[in-house]
Amino acid sequence: MTTLITQTAARIVAPLIFVTAAILFIQGHNSIGGGFISAVLIVSAIALLYIAYGTSDLTRLLNISPSTLNRRLLVSGLLLIIITGSVPILLNMPFLTQAFLILPPLPFLGELKISGAILFDLGVLFTVTGSLLSILSGVSR
Amino acid sequence: MAVIIFLPFLAAAFTFFIYPVLKEKTAHFAAFIALICAFLILNLIGTTGSISIPLISSLDIHLRFYVDGLSILVGLLASGMGLLTFIYSFGYMKTKTQSPTYYASLLVFMGSMLGIVFSADLIVLFVFWELTSLSSYLLIGYFNHESSSRSAAKKALVITSLGGFFMLLGFLLIHSLTGSFDLTFLLSQPESIQFILRENGIFLPILFAIIIAGASKSAQIPFHIWLPSAMVAPTPVSAFLHSAAMVKAGVYIFGRFHPILAGDEWSLILITLGISTMVITAFFAIISTTLKELLAYSTASHIGLMLIGFGIPLTLNGVPQSLGFVSGSFHLFNHALFKATLFLIAGIITYQVGLNTISEIKGLRKKLPLTAGFAVFASLCMAGFPPTSGFYSKELLFQGIYAVANTYGGIWWLLPLLTIMASAFAVVYSLRFVMIFFGTPSSDQQDVSPLPLSMMLPTSILTLLSLLTIFYLLLPIDLISQSGSPYLQDISTLHVGFPAHIDPPLLMSLLSILFGIVLFSKHEQILKRMSSILPFAHFSADSIYFSIISTLETWSSSLTYRTERILLRTHIIWLLGLIATLGLARFIYLKPYFLMISGPPLRLDFLVFLLIIALGALAVVRANSHIMGVLFLSILGFMIAVFYLLSNAPDVALTQLAVETLILVVFLVIIGKLPAYYGDASSPRVMRDMLLSLFIGVTIFFTVLIATTSSVSKNIAMFFIDRASYPPTYTENIIVDYGGGTNIVNVILVDFRALDTLGEISVVALAALSILTILSSRKPGDQS
């Protein structure tokens with residue numbers, strides 16, 4: 001299916017999907033979105049690129065074999081969650097306790113609130129992306 | 001306390017990182033760890049008690065530790081022997097293939113051994129028990145390119161984990177009545193615990209379970225077959241696992257449960273088991289051909305003797321006495337010292353001369369004078385010659401055995417007779433070991449290379465300790481007597497030491513030594529005459545094991561062939577069918593009235609979309625090509641997304657949309673690889689598939705019904721609504737109690753129920769890895 005039409009379409013659509021995924025990820029705590037959904041979107045975009053360009057081009061682009069990359073993503077996501085989740089244990093709180101930080105008001109931005117759960121969500125994102133990409137590359141081989 | 005147990009495990013993990021740097025010096029690192037453990041345990045001497053750290057409080061599983069005389073004794077043996085083993089390994093392993101696995105598994109083994117002796121929680125104890133089986137599996141099969149190693153390792157694992165299974169069974173039975181896994185609690189009132197167990201009729205099952213567990217680990221008949229096979233392991237491993245640690249874990253269990261289970265049945269079983277093992281394996285030791293085989297059988301035989309000790313009744317003629325318990329533990333200590341020495345010497349001989357067969361080795365006295373001296377001393381200990389330490393502990397055991405026979409009379413007089421016989425056998429095999437150092441050496445033996453200090457040092461230390469025991473006989477006994485058992489009060493009345501006048505136990509010792517020497521001078525002729533029946537006796541238990549294993553293999557492969565053929569759909573049919581059956585059975589069992597359902601009234605717009613969904617499902621079934629099928633399926637999926645949207649669940653709807661898109665894309669990727677058409681299916685198969693899908697559909701229908709009608713407390717919903725967002729007023733900048741987000745669903749996912757989410761994505765990751773495994777194990781052209 002590596003026709004010019006799919007390639008051109010993929011070239012335009014894929015970045016859009018990536019941006020959407022990023023927005024959904026960031027707003028996830030307060031609105032629709034979250035780690036899982038953005039992971040699924042990212043994988044859809046990559047799958048689109050697979051279809052349009054084939055896996056070999058992507059491999060050359062990333063300079064790493066996709067299957068290795070996928071497995072690394074998968075493992076690092078789980079590790080991220082376990083490591084960040086273990087920090088509260090040191091502070092005598094249960095495993096995976098989340099906290100959020102309220103920053104003092106900044107010019108233009110106003111009062112910012114940063115949730116520690118974003119790291120957890122990032123772990124979810126990594127793991128799901130890695131898993132789905134592994135499956136994708138497995139079935140398409 | 002926890003440090004002692006977890007240090008070896010931590011060090012084992014580290015081994016893999018430091019091995020590339022240290023190479024064979026990793027042995028020193030491991031020895032250092034063992035030294036720390038031994039030192040920490042030495043510090044515990046004189047203390048008794050327990051501490052508790054909650055682990056899984058909802059299941060009443062705690063990390064409890066229990067310290068008393070017996071655990072300190074076995075713990076000291078495990079860590080001390082570990083230390084010597086690591087030192088010895090440095091020299092011994094130089095000529096062998098090395099890998100960090102060796103040191104790591106030895107460290108794990110030592111840690112689990114310490115875990116067994118110090119943990120006071122039965123479940124934790126069981127876990128450590130299984131860990132010793134597992135690490136010994138790795139160690140026995142260390143030379144894994146040889147099939148004999150692999151088969152021996154498997155044999156040890158099968159037999160000892162069978163014992164582990166029975167142990168778990170026993171522990172669960174104990175818990176079912178006493179409601180406690182806490183050993184401290186159980187040992188604090190052993191009599192009343194035993195009374196409760198007996199009242200409810202589960203005392204005997206527990207007794208059998210614990211005895212099978214201990215006997216399998218300590219290589220008692222009929223489980224003794226794994227020990228001689230395990231001799232394929234590197235010699236330091238044999239010295240550690242098969243003289244001082246692994247087999248002693250079984251003995252430790254007998255000692256630990258002695259207060260709770262001791263009674264008439266206990267004595268009868270243990271004495272019978274002990275004496276039969278003692279006699280039979282002593283005989284096998286006489287006819288064995290290699291050094292290590294001889295030592296293995298003699299280990300089983302000596303443990304039989306310890307079991308008799310633990311089996312000696314607590315009261316004889318109405319007088320309470322602690323003879324059995326103390327003498328069993330005392331012999332455990334002595335045996336560990338001299339048997340480990342002999343194993344190390346066997347290793348030295350193989351290292352130096354390159355021979356292991358007894359009949360080929362002769363006259364090593366001139367080449368290895370110091371080793372010969374150590375060997376003679378340790379062998380005399382093993383044979384129980386006065387005034388070695390082995391003599392004293394045997395003397396104590398003979399006292400108990402004589403007392404038993406004297407009290408019960410009748411057939412019990414067989415016990416001292418058989419003991420004398422087995423001890424005479426012990427003299428014979430000990431002398432066989434000694435004789436390799438005498439006689440004229442055959443000419444074709446290799447020249448002796450200089451012995452590394454690291455191999456000589458542990459051997460000398462062990463011999464020295466054995467020697468010291470003679471002068472400080474009371475030291476190990478004092479250690480044991482801390483045990484705190486209620487019937488150890490008469491410890492001071494025990495007579496330990498050289499008997500002042502000739503009494504029956506001394507007579508037993510002398511008789512067995514005399515008889516043994518006579519037998520030794522004649523044993524070769526006798527064996528020649530018996531040679532026709534020997535192979536049968538030698539292999540009977542082994543052949544039973546192998547026939548059981550091969551039968552099981554045949555059964556399981558035929559069962560697997562029926563349920564899980566190569567076809568993927570056969571797997572799926574069994575899996576889904578089973579899940580549906582279990583699920584439905586559970587619902588029927590739980591809620592026989594599940595048809596009385598109340599819910600929100602049906603909305604008209606829902607009905608429209610449900611109709612479209614149903615039509616889409618029908619169209620999927622009727623589709624005559626893959627593309628059509630996939631497209632109809634995605635109509636179905638998108639409609640479900642709309643359904644979610646109508647139910648005020650935008651998050652779920654969005655996820656459903658994205659997943660649906662992804663599935664479509666994946667189908668696009670693989671569509672070229674699929675056959676063009678499903679092919680004509682035979683009508684019975686269509687019927688079967690239809691019935692199965694109907695069945696699964698019914699199960700899911702009821703699952704949804706029951707899940708939606710079961711009432712959830714309103715408080716939970718209110719809690720999440722309150723806590724998901726920001727607190728109304730706050731003073732601090734870091735807030736833990738509140739979620740800090742306005743999307744309640746996501747806050748629940750990443751904050752309140754984060755552990756569930758972690759579990760879910762772990763499942764996703766595992767599923768991905770298994771799909772990869774299945775795909776990569778598939779050969780092109782497979783029908784699946």
Side-chain angles (χ1 to χ4, degrees), chain A residues 1 24 27-41 43-44 47-48 50-51 67 70-71 74-75 77-78 81-82 85 88 93-104 113-118 120-121 123-124 127-128 130-141, chain B residues 650-673 724-726 730 732-743 745-747 749-758 760-776:
Chain A
M1 274 190 245
L24 283 179
Q27 72 173 20
H29 215 49
N30 293 320
S31 179
I32 297 170
F36 185 84
I37 178 104
S38 20
V40 177
L41 283 182
V43 175
S44 318
L48 197 61
Y50 273 170
I51 294 170
S67 55
N70 298 340
R71 259 172 274 155
L74 189 158
V75 173
L78 284 178
I81 290 180
I82 290 168
M93 281 182 277
F95 179 57
L96 286 175
T97 306
Q98 308 289 0
F100 66 97
L101 174 70
I102 298 175
L103 292 180
K113 302 177 186 72
I114 297 176
S115 175
I118 199 160
F120 182 90
D121 228 9
V124 174
T127 312
V128 175
S131 307
L132 294 180
L133 282 180
S134 306
I135 297 174
L136 190 69
S137 69
V139 295
S140 64
R141 204 152 11 116
Chain B
D651 275 293
V652 190
L654 193 60
T655 312
Q656 171 75 19
L657 271 178
V659 170
E660 208 51 56
T661 317
L662 184 66
I663 290 176
L664 202 60
V665 174
V666 171
F667 263 114
L668 285 179
V669 173
I670 59 171
I671 207 152
K673 300 183 199 309
S725 189
Y726 312 100
Y730 49 87
E732 288 175 324
N733 284 333
I734 296 178
I735 292 151
V736 178
D737 291 347
Y738 285 79
T742 46
N743 183 345
V745 175
N746 277 354
V747 173
L749 280 178
V750 298
D751 193 337
F752 298 118
R753 310 294 305 174
L755 192 62
D756 291 353
T757 312
L758 176 59
E760 280 152 20
I761 62 165
S762 310
V763 170
V764 170
L766 268 182
L769 293 180
S770 9
I771 288 174
L772 274 188
T773 317
I774 292 174
L775 287 174
S776 58

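Residue numbering restarts at 1 for every chain, and letters A, B, ... go by the order of the sequence lines.
- At least one side-chain heavy atom of Val124(A) sits less than 4.5 Å from a side-chain heavy atom of Ile81(A).
- Each of Leu664(B), Val665(B), Leu662(B) has some count of heavy-atom pairs under 4.5 Å with chain A, and the biggest count is that of Leu662(B).
- Between the CG atom in Asp756(B) and the CG atom in Leu749(B) there is a gap of 9.0 Å [rounded to 0.5 Å].
- Taking the side chain as every heavy atom from C-beta outward, Leu758(B) and Ser762(B) approach each other to under 4.5 Å.
- By number of non-hydrogen pairs under 4.5 angstrom with chain A, the leading residue of Leu755(B), Leu657(B), Thr661(B) is Leu755(B).
- Counting only distance, with no hydrogens or angles, the side chain of Asp121(A) and the backbone of Gly34(A) share no donor-acceptor pair below 3.5 Å.
- For a residue to count as touching a neighbouring chain, one of its non-hydrogen atoms must lie under 4.5 Å from one of that chain's; by this rule Leu133(A) does not touch chain B.
- Using a 4.5 Å cut-off between heavy atoms, Leu769(B) touches chain A through its side chain atoms alone.
- Taking chain A as the reference chain and counting heavy-atom pairs below 4.5 Å, the highest number among Ile771(B), Val666(B), Leu654(B) is found for Leu654(B).
- When all heavy atoms of Ala117(A) and Val750(B) are compared, the closest pair comes out as CB-CG2, 3.5 Å.
- Both the backbone and the side chain of Ile761(B) come within contact range of chain A, judged by heavy atoms closer than 4.5 Å.
- Among the candidates Ile82(A), Val43(A), Leu48(A), Val75(A), the residue making the largest number of heavy-atom pairs closer than 4.5 Å to chain B is Val43(A).
- Judged by distance alone, the side chain of Asn746(B) and the main-chain N or O of Gly33(A) form a donor-acceptor pair under 3.5 Å.
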